[in-house]
J.: 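Would you mind keeping the following structure in view while I ask a few things?
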Amino acid sequence: MANATTYPWTPGFYAGDRPRIVTSRFEYEDSHTLTRYLATEGYEGLKAALAKPAPDVHEEVKNATVLGRGGAGFPAGTKWGLTPPGVFPRYLVVNGDESEPGTYKDRLLMERDPHQLIEGCLIACYAAGLSQCFLYIRGEMPDAHERVATALNEAYAAGYVGTNILGTNFSVDIVLHWGAGAYVVGEETALIESLEGNRGMPRLKPPYFPAAIGLYGQPTIVNNVETLANLPWLMRNGAEEYLKIGTPTSPGTRMEAISGHVNRPGVFEVINGTTTYRDLIYGEEFSNGIRDGHELKAFVPGGGSAPWFVADQLDLPLEGRLVGAAGSMVGSGAVMVMDETTDIPKAALTLTRFYAHESCGKCTPCREGGTWLSRILERVCAGRGTMRDLDQLIEVGETICPGAFPHASSERLGLEAVPFPYKMTTICFVGPSAYAPVHSALTLFRDEFEAKIVKRTSIPVSAAPIEPVEPVVAGAH
Amino acid sequence: MARLNEDNVRLATEIIGRYPRARSATIPLLHLAQQQDGYVTNEAIAHVGELVGATSAEVLGTATFYEMFKFEPVGKYLINICQTMSCALLGADELMHHAEHKLGIKAGSTTADGLFTLEHAECQAACTEAPTLQVNYRYRFRVTPEAFDQLIDDLAAGKLGDEIPPHGTLAKIRQRIPADRAVGAVDPDDVTEAPAWMPAPAGPESDQRVGA
């Protein structure tokens, strides 16, 4: 639809003639204020929830199959049900430490509609019997901090947060917490460690879910910002209406950020389960094609951690199981597009270097492996690599993820897809994420790596010195 | 430099009170220290330790994990240029190259006048606005070399003081929980019961009653 509107005060965001569950207020310049929120059905979802017994609210969320929007896609209602019965207090930790490459939706939701998030937190606390809420916001987002702090101050003063909310016996504090810059803290047990004042390193598993043993050893629910932002609409309209949008396994909407070599990079709220990658990249109402009439070379379908897709996968919809079977993941809602001018090994290096840099150092395969992947790629990109290096990349990768690693199918190469998930020798996904771009790039574009190596043997003496590639600071944490 | 001043100790006490365990306030208190002095001093680390009940080594251990904490003076303006995928695809390397030449320093260092520190940064969650940078964590989008030069000139001339506070100022607005509305920290040592709004769990007795 050509009438899609852009809002200059929310860079990157495009509305459009689609159902809007979480971005309905983005069109107002004062969308972050309590006045605007109350004028647009604000806190009506909370009132609807409080009118029902807590278990009924939990049931409603379970019935709606609200999938977690942080990356793993685990249904929120099911997650809440994993707390051991009779063990109290239980906590809610809101994951606002958004830092997955390519992803930005939580930042917009916090900056543009903080009350919606607060209302979502309250509904979750009420439904799952959570006694205190900690809202962990990434440190590098002071605008989001200020908006959420202002909104919390307003909400406390107006009686929506704190003791005896709206005159009921429901009482909960929401504490705004500051992060300080560490990607791995987005992992839920690392988030809890960080919230306890420690280095943000993921905890050993089992227990697999902090719902059993989390913050201060108590049952803890960790939910993503976007997941919680869905709840006010759900409470106002009911699970039945929610399920009418999208597909039964991927209902509702989701935020997708499309960046890179497209005509109109942007963040869009799209229908879950049915919108395809072709829609997102080429659709007029979305990113409107590749820049300057270039061709698509590859794209990352679900945040920097996701194995890459090529044109063969364009018609896949945003549906977890289908994308998984095709060898990648819908992940955190971020599509990064590369056109044919892209230097593929170098693109892989930018991502691998990110994960190597962000490794917390707890698991050896990630700490050492990620660093080595990054170093080897650097020398390949700098024209100092050997053919042996390409095999070494795979060998190192296999110490992090033994066995077949997921990848896309390719008609051009006669490749069959290897489906998700992978095996891993690390506690969390940072290590495998360092390998994913290397593996995808090498599997789908090995010729480009070899070209860099062949070039090494034919550099004329008169050639300019090769620019050194930026060194990675090993173990920067 | 210094331990936390009186005002900040008051604020620190308020922040600590929100958590069931004082140590949870470590990172917010370190931010407070960095806001006060522009970086985290050894004295502040010891002071934060006293306030949250941890040793200096424990606080330092936590602090060094996180990118944002600096342990030596940095420029008044910390410029972070994003180097991750979407920005890299759209000219982050060129922007960094330009920035280094404009400022006359390599990334990872500070200008002689103490005004600017230049750093490589990882994904800043503004990927559709590539290439991006942050000055003291305040965004600049789709930064061209000309826009970068203008930004530096404006900062040097003190024109952006309202918009971009000195390094260390995380947020100009803080959460304030009014005493009459506060529930208070829910400590697992004190609370073991279900919250008031949760219906009593159906124990064996009530089950029998339902069955009867």
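As a basis for the values below, the full set of heavy atoms in this structure was taken, side chains included, without hydrogen atoms, waters or symmetry mates. Keep in mind the model is a prediction, meaning the values are calculated, not measured.
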J.: Apply side chain to side chain contact (heavy atoms under 4.5 Å, CB included) to residues B/Asn8 and B/Leu11 and explain how you reach the verdict.
T.: CA-CA 5 Å; B/Asn8 281 334; B/Leu11 202 48; 4.2 Å; yes
J.: Can you tell which part of A/Val262 gets under 4.5 Å to a heavy atom of chain B, answering side chain, backbone, both or neither?
T.: neither
J.: Counting C-beta onward and ignoring hydrogens, is there a side-chain heavy-atom pair between B/Leu133 and B/Leu151 closer than 4.5 Å?
T.: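 With C-beta onward as the side chain, the pair touches.
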J.: Do you know which of B/Pro28, B/Pro195, B/Pro20, B/Ala171 has the most heavy-atom pairs with chain A at a distance under 4.5 angstrom?
T.: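 When all of B/Pro28, B/Pro195, B/Pro20, B/Ala171 are compared, B/Pro20 has the most.
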J.: Examine whether an atom of B/Ala196 lies under 4.5 Å from a heavy atom of chain A, and if so say whether it belongs to the side chain, the backbone or both; otherwise answer neither.
T.: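 B/Ala196 touches chain A through backbone and side-chain heavy atoms alike.
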J.: Quick one: what part of A/Val185 sits under 4.5 Å from any heavy atom of chain B, side chain, backbone, both or neither?
T.: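 Side chain only.
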J.: In terms of heavy-atom pairs under 4.5 Å, which option from A/Met141, A/Arg138, A/His145 contacts chain B the most?
T.: A/Arg138
J.: Quick one: of A/Ala144, A/Pro437, A/Gly159, A/Ala257, who has the most non-hydrogen atom pairs under 4.5 Å with chain B?
T.: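 Of the candidates given, the most pairs with chain B belong to A/Gly159.
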J.: Exactly one of B/Thr110, B/Asn136, B/Thr111 should register a side chain to side chain donor-acceptor pair (under 3.5 Å) with B/Thr117. Which one does?
T.: B/Thr110
J.: Can you tell which part of B/Asp93 gets under 4.5 Å to a heavy atom of chain A, answering side chain, backbone, both or neither?
T.: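 Just its side chain gets close to chain A.
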J.: Using heavy-atom distances under 4.5 Å, tell me whether A/Glu140 contacts chain B through its side chain, its backbone, both, or neither.
T.: both
J.: So what's closer than 4.5 Å to chain B heavy atoms on A/Glu193: side chain, backbone, both or neither?
T.: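 Neither part; nothing is under 4.5 Å.
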J.: Mind checking whether A/Ser433 and A/Phe354 have side chains closer than 4.5 Å, heavy atoms only?
T.: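 A/Ser433 does not reach A/Phe354 side chain to side chain.
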J.: Out of A/Ser194, A/Gly304, A/Ala54, return the one with the most heavy atom pairs under 4.5 angstrom to chain B.
T.: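 Max contact count across the listed options: A/Ser194.
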J.: So which part of A/Leu351 gets closer than 4.5 Å to some heavy atom of chain B, the side chain, the backbone, both or neither?
T.: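 Contact with chain B involves the side chain of A/Leu351 alone.
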J.: May I ask you to check if A/Arg264 and A/Tyr14 form a cation-pi contact, with NZ or CZ under 6.0 angstrom from the six-membered ring centre and within 45° of the axis?
T.: yes
J.: Flag the one option from A/Ala348, A/Pro101, A/Pro85, A/Pro53 with the top tally of heavy-atom pairs under 4.5 Å to chain B.
T.: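 Ranked by heavy-atom pairs under 4.5 Å with chain B, first place is A/Pro101.
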J.: Check each atom of B/Gln134 against the heavy atoms of chain A and say whether the ones under 4.5 Å are side chain, backbone, both or neither.
T.: side chain
J.: Side chain, backbone, both or neither: which part of B/Ala92 has a heavy atom under 4.5 Å from chain A?
T.: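 Neither part, no heavy atoms under 4.5 Å.
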J.: Taking B/Ala126, B/Pro178, B/Ala88 one by one, which has the highest count of heavy-atom pairs under 4.5 Å against chain A?
T.: B/Ala126
J.: Determine whether A/Tyr355 and A/Tyr183 satisfy the following criterion, ring pair (Phe, Tyr, Trp, His ring centres under 6.0 Å), listing intermediate values before the conclusion.
T.: CA-CA 9 Å; A/Tyr355 293 105; A/Tyr183 165 79; 5.5 Å; yes
J.: Flag the one option from A/Gly179, A/Ala334, A/Ala157 with the top tally of heavy-atom pairs under 4.5 Å to chain B.
T.: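 The option with the most such pairs is A/Gly179.
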J.: Taking side chain as everything from C-beta outward and backbone as N, CA, C, O, which of these in A/Tyr126 sits under 4.5 Å from a heavy atom of chain B? Side chain, backbone, both or neither.
T.: both
J.: Checking A/Leu215 against chain B: side chain, backbone, both or neither under 4.5 Å from a heavy atom?
T.: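 Looking at A/Leu215, nothing touches chain B.
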J.: Between A/Glu111 and A/Arg147, is there a salt bridge with N-O shorter than 4.0 Å?
T.: no
J.: Carefully, step by step, assess B/Val135 and B/Phe116 under the rule side chain to side chain contact (heavy atoms under 4.5 Å, CB included).
T.: CA-CA 9 Å; B/Val135 184; B/Phe116 299 104; over 6 Å; no
J.: Which region of A/Leu195, side chain (C-beta onward) or backbone (N, CA, C, O), has a non-hydrogen atom less than 4.5 Å from a non-hydrogen atom of chain B, or is it both or neither?
T.: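 Looking at A/Leu195, backbone and side chain both touch chain B.
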J.: Is there a side-chain contact between B/Glu193 and A/Phe88 (heavy atoms, below 4.5 Å)?
T.: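 No, too far: nothing below the 4.5 Å cut-off.
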J.: Does A/His177 have its ring centroid less than 6.0 Å away from the ring centroid of A/Phe134?
T.: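 Not close enough - the centres of the two rings lie 6.0 Å or further apart.
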J.: Whether B/Glu163 and B/Lys159 form a salt bridge (side-chain N of Lys/Arg under 4.0 Å from carboxylate O of Asp/Glu) is what I want to check.
T.: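 Not counted as a salt bridge, because no side-chain N and carboxylate O are separated by less than 4.0 Å.
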J.: Side chain, backbone, both or neither: which part of A/Thr103 has an atom under 4.5 Å from a heavy atom of chain B?
T.: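 For A/Thr103, the backbone is the part near chain B, not the side chain.
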J.: Using a cut-off of under 4.5 Å on heavy-atom pairs, state which of A/Ala127, A/Gly129, A/Ser99 scores highest against chain B.
T.: A/Gly129
J.: Of the backbone (N, CA, C, O) and the side chain (C-beta and beyond), which part of A/Leu130 lies under 4.5 Å from a heavy atom of chain B, both, or neither?
T.: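 Contact with chain B: backbone only.
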J.: Please determine, among B/Arg138, B/Gln83, B/Gln34, B/Glu58, the option with the most heavy-atom pairs under 4.5 Å with chain A.
T.: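 Ranked by contacts with chain A, first place is B/Arg138.
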J.: Does a side-chain heavy-atom distance below 4.5 Å link A/Ile137 with A/Met110?
T.: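 Answer yes - side chains close enough.
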J.: Using a cut-off of 6.0 Å, state whether more than 12 heavy atoms not belonging to A/Ile213 lie near its atom CD1.
T.: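 Count not over threshold, so no.
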J.: Relative to chain A, which of B/Arg21, B/Gln175, B/Arg174 shows the most heavy atom pairs under 4.5 Å?
T.: B/Gln175
J.: For chain A, find which of B/Glu122, B/Met198, B/Lys172 contributes the most heavy-atom pairs closer than 4.5 angstrom.
T.: B/Glu122
J.: What about the rings of B/Tyr39 and B/Phe69, do their centers lie closer together than 6.0 Å?
T.: no
J.: Let me know if A/Ile258 has heavy atoms under 4.5 Å from chain B in its side chain, its backbone, both or neither.
T.: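 Backbone of A/Ile258 only, per the 4.5 Å heavy-atom cut-off to chain B.
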J.: Examine whether an atom of A/Arg291 lies under 4.5 Å from a heavy atom of chain B, and if so say whether it belongs to the side chain, the backbone or both; otherwise answer neither.
T.: side chain
J.: Carefully, step by step, assess B/Leu78 and B/His167 under the rule side chain to side chain contact (heavy atoms under 4.5 Å, CB included).
T.: CA-CA 7 Å; B/Leu78 174 67; B/His167 178 253; 3.7 Å; yes
J.: Just so I understand: if I count every heavy-atom pair under 4.5 Å between each of B/Ile27, B/Ile15, B/Leu170, B/Thr192 and chain A, which residue has the most?
T.: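 Highest number of pairs under 4.5 Å: B/Leu170.
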J.: Between A/Glu256 and A/Lys105, is the closest basic N to carboxylate O distance under 4.0 Å?
T.: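 No, this pair does not count.
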